[in-house]
Asker: 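There's a structure below that I have some questions on.
All residue numbers refer to positions in the sequence shown, counting from 1. Whatever order the structure lists ligands and atoms in, that order sets their numbers, starting from 1.
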Amino acid sequence: MGENTMNIDELTDTAKTLVAGGKGLLAMDESNPTCNKRFAALEIPQTPEYRRAWRELIITTPQLGSCISGAILYDETIRDRLRDGTPFVKAITDAGIIPGIKVDAGTRELAGHPGERITEGLDNLRDRLVKYAQMGARFAKWRAVIIMGEQLPSAGCLEANAHALARYAALCQEAGLVPVVEPEVLMEGAHTLEQCGVVTERVLRRVFDQLCMQRVALEGMILKPNMVLPGLACPQQEVAEEVADATVRCLLRVVPAAVPGIAFLSGGQPEELASARLNAMNVRFKGRLPWEVTFSFSRAIQQSALDLWQGQATNVVVAQQVLLHRARCNRTAHLGEYRTEGGLEVPMAEDGDRVV
Ligand code: 13P
């Protein structure tokens, strides 16, 4: 009992640190196929060397640690080194950022459920988690994908994915890693904001039921959900304040107050919109949120920087400036201080001053 309690205290400390001080998570755990797909769209060569150069650009961005508390890595990256031979994990830790690791093995079609996905990766997970912890990871991520459609999602799909998330989370805590639990309701489809809210609430209910059943300590985890949004093909697109209200109302119903933080995925939202929506939640519910409400973005932090980089060494500095700008905007949004002036975003520096 004593040992177990200590372990939970450590998990709780890590989870709280990950969502403290306005900071948030940077997801840079794209699998090689996903990273290659993003490179291909910009005609960047899809090689290990270019993937390493891109990830090195990200983590060597000056002052990144002032906005980013933790970086989620992919298996290839946690074992990799910077060009000068420094292990990635050391470079990240020296920047004041906690290393994390994606441990799911991606999604496949769920048998008997046409059009739905199940996340794989539970086989041998216990052994893999021990190795990742030895390599320096302090938290982990597992993403489940929920697709909305005419008759979707099915109860079977929700149950299977929630169960897998809970099995993963329990194994993480056993290994001393904070689980980032990511059930993502996709934006693809013509569904309304309201329909997304209904489905997201159902999903999260199943997830927390299963987390409790698998005895996951809620104090030592982070939830990484989607925002409640109208589908991409829905003609009615609500403003940031309406998205904020629908999202927080949904989360207040289903996410226990014991969870230290909620860190949203961006899911393909435009960068500025993702910041504005996160900010609206922190402004409109100021003083009424039982958990920290922050970000765990990949595309909404990386995309503009990647567009600028184009695989060219000469573009590294300007790409890093854009990456830091996005990280700062999102930290400012976590603090509920994000605003635009004359169409331009005005983030806050780490000392609280506006960056102009
Ligand atoms: P996006 O912010 O691009 O949705 O990525 C977050 C993530 O980690 C997906 O698993």
Asker: For E120, is the CD atom crowded, meaning more than 12 foreign heavy atoms sit under 6.0 Å from it?
Answerer: yes
Asker: Are the charged groups of E241 and R277 less than 4.0 angstrom apart, N to O?
Answerer: no
Asker: Just wondering, more than 12 heavy atoms not from E194 lying within 6.0 Å of its CD?
Answerer: no
Asker: Does the side chain of R326 come under 3.5 Å of the side chain of S275 through a donor N or O and an acceptor N or O?
Answerer: yes
Asker: Between the side chain of N7 and the main-chain N/O of Q173, is any donor-acceptor distance below 3.5 Å?
Answerer: yes
Asker: Could you report the tightest heavy-atom contact between I147 and G115, atom names first, then the distance?
Answerer: CD1-O, 3.3 Å
Asker: Who are the residue neighbours of ligand 1 when the rule is a heavy atom under 4.0 Å from any of its atoms?
Answerer: A27, D29, K141, R143, E182, K224, L265, S266, G267, S296, F297, S298, R299
